[in-house]
Asks: 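Next up is a structure, given as structure tokens.
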Amino acid sequence: PAKQPVTVIGLGPMGRAMAGAYLDAGHAVTVWNRTAARAGGLVARGAVLAPDVAAAVAANELVVLSLTDYDAVFAVLDAAGAALAGRVVVNLSSDTPERAREAARRLAELGAVHLTGGVQSPPSGIGKPESSTFYSGPVEAFQRHRETLEVLTGADYRGDDPGLAQLYYQIQMDLFWTSLVGYLHATAVAEANGISAEEFLPYAGSTAASMPDFLAFYAPRITAGFHEGDVDRVAMGLASVEHVRHTVEASGVDASLPALLADAFGRAVAAGHGDSSATSLVGLFRKA
Ligand code: NDP
């Protein structure tokens, strides 16, 4: 059978990579972008530039959105209006789970289906099956279009709730940003003491590489609600982060990050968890 034609709306670095991947894979591609000039390279490669959003949506059943955020998504959906009836909108723009649910509700009112996507790859990973995107929404629509979606990246379907793909995306970003900022902060302390980022690199890498083992050890315990301090104790964690904080302060580096950690461990001790494992912070954070 002929390859499914696709509409791509939003031609930032991601949308351009997506439209390009579809062209490379032999799909007919219709594009639209608020700034039409960004479509130039794709049109030269065979894409059709629609004159307006409604025409772009009308052109194909499958409509991929790659926009800055859901404010942009709602602006585009409002402009498309009734043309959306019968369409499957694959929204690969990032935002919160609640806004994804709102988009799904609005599209349902217009007789369209919303599939939420959270792309875990930069533009260079688009068109590569080893990259991954979280999807959620109606399973039937996902399965029907899975093959076409997998032209962009691997597809990891998380469930029916339209918020789920964004939720998985955001918990990954929560982990990513705190980890990256932790690395950057430690590097600032290293540099303040004459150790270059490159000298620090193998040691930073070794700490980062030890993380999967910690996570694999702790995850089943957290699921089971088992927080006994048999291998680590909150009181020990508090003493440790205080040593970090004092080292940071003595280095003349901003100490607000270790102060935040000391505050969390200190509150856990105050709540009576001094002899429990650091995993008891999960409960502390949930109540906060
Ligand atoms: P950009 O913000 O660079 O581009 C997004 C597009 O949104 C542009 O085409 C822009 O149009 C359009 N846009 C913004 N506001 C409006 C509006 N009000 N009305 C109509 N169109 C609008 O984003 P990226 O291409 O980098 O990324 C797209 C999405 O993918 C984002 O949600 C991002 O978080 C996510 N993502 C990005 C990654 C990356 O590495 N870049 C990685 C993973 C996810 P115009 O050209 O006219 O400005």
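Counting starts at 1 for both ligands and their atoms, following the listed order.
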Asks: What protein heavy atom sits nearest atom 28 (C) of ligand 1, and how far away is it?
Replies: S66 OG, 3.4 Å

Asks: Starting from atom 42 (C) of ligand 1, find the nearest protein heavy-atom neighbour and note its residue, name and distance.
Replies: S121 O, 3.2 Å

Asks: So which heavy atom in the protein is nearest atom 14 (C) of ligand 1, and how far is it from that ligand atom?
Replies: T68 OG1, 3.2 Å

Asks: Going by the side chain to side chain contact (heavy atoms under 4.5 Å, CB included) test, name the single residue among L77, D69, D71, V76 that passes it with V73.
Replies: L77

Asks: Any nitrogen or oxygen of D69, main chain or side chain, under 3.5 Å from a nitrogen or oxygen of ligand 1?
Replies: no

Asks: Report the nearest protein non-hydrogen atom to atom 48 (O) of ligand 1: residue, atom name, distance rounded to 0.1 Å.
Replies: R34 NH2, 2.9 Å

Asks: Please determine if S93 has a nitrogen or oxygen closer than 3.5 Å to a nitrogen or oxygen of ligand 1.
Replies: no

Asks: Identify which one of L49, I9, V64 satisfies the side chain to side chain contact (heavy atoms under 4.5 Å, CB included) criterion when paired with V31.
Replies: L49

Asks: Out of G12, A72, A17, whose heavy atom sits nearest atom 15 (N) of ligand 1?
Replies: A72

Asks: Does any donor atom in the side chain of N193 or S251 lie under 3.5 Å from an acceptor atom in the other side chain?
Replies: yes

Asks: Heavy-atom distance to atom 34 (O) of ligand 1: which of A36, P13, S94 wins?
Replies: S94

Asks: Any cation-pi pair here, R158 with Y168, using under 6.0 Å and within 45°?
Replies: yes

Asks: Can you tell me the protein heavy atom closest to atom 41 (N) of ligand 1 and the distance?
Replies: M14 CG, 3.6 Å

Asks: How long is the span from the CG atom in L238 to the CD atom in E242, to the nearest 0.5 Å?
Replies: 5.5 Å

Asks: At what distance, to the nearest 0.5 angstrom, does CG of L164 lie from OG1 of T116?
Replies: 8.5 Å

Asks: Looking only at protein heavy atoms, which one is nearest to atom 40 (O) of ligand 1, and how far off is it?
Replies: P123 CD, 3.3 Å

Asks: Starting from atom 29 (C) of ligand 1, which protein heavy atom do you reach first, and at what distance in Å?
Replies: L67 O, 3.4 Å

Asks: Kindly confirm or rule out an N or O of L11 lying under 3.5 angstrom from an N or O of ligand 1.
Replies: yes

Asks: How about atom 23 (O) of ligand 1: does it have a protein heavy atom within less than 4.0 Å?
Replies: no

Asks: If we only count N/O pairs under 3.5 Å, is T35 in contact with ligand 1?
Replies: yes

Asks: Could you list the atoms of ligand 1 found under 4.0 angstrom from a heavy atom of G10?
Replies: 9 (O)

Asks: Just go through I9, N33, D71 and tell me whose heavy atom is the nearest to atom 10 (C) of ligand 1.
Replies: N33

Asks: Taking the side chain as every heavy atom from C-beta outward, state whether L115 and P138 have any pair of such atoms under 4.5 Å apart.
Replies: yes

Asks: Name the orientation class of the two ring planes belonging to Y183 and F200 (parallel below 30°, tilted from 30 to 60°, perpendicular beyond 60°).
Replies: parallel

Asks: Just verifying a value: how many Å separate T279 OG1 and L284 CG, rounded to the nearest 0.5 Å?
Replies: 11.5 Å

Asks: Determine, using heavy atoms of Y169 and all atoms of ligand 1, whether some pair is separated by less than 4.0 Å.
Replies: yes

Asks: Please determine whether the number of non-hydrogen atoms from other residues, nucleotides or ligands lying under 6.0 Å from atom CD of E199 exceeds 12.
Replies: yes

Asks: Quick check on G118 - does any of its heavy atoms sit under 4.0 Å from an atom of ligand 1?
Replies: no

Asks: N91 and S93: side-chain donor and acceptor closer than 3.5 Å?
Replies: yes

Asks: Mark the output for L92 as yes if a heavy-atom distance to ligand 1 is under 4.0 Å, and as no if none is.
Replies: yes

Asks: Using a 4.5 Å cut-off on heavy atoms from C-beta on, say whether the side chain of V151 contacts that of V6.
Replies: no

Asks: Tell me whether R38 has any N or O atom under 3.5 angstrom from an N or O of ligand 1.
Replies: yes

Asks: Give yes if a backbone or side-chain nitrogen or oxygen of V119 is under 3.5 Å from a nitrogen or oxygen of ligand 1, and no if not.
Replies: no

Asks: Does R106 make a cation-pi contact with F74, if we ask for NZ or CZ under 6.0 Å from the ring centre and within 45° of the axis?
Replies: yes

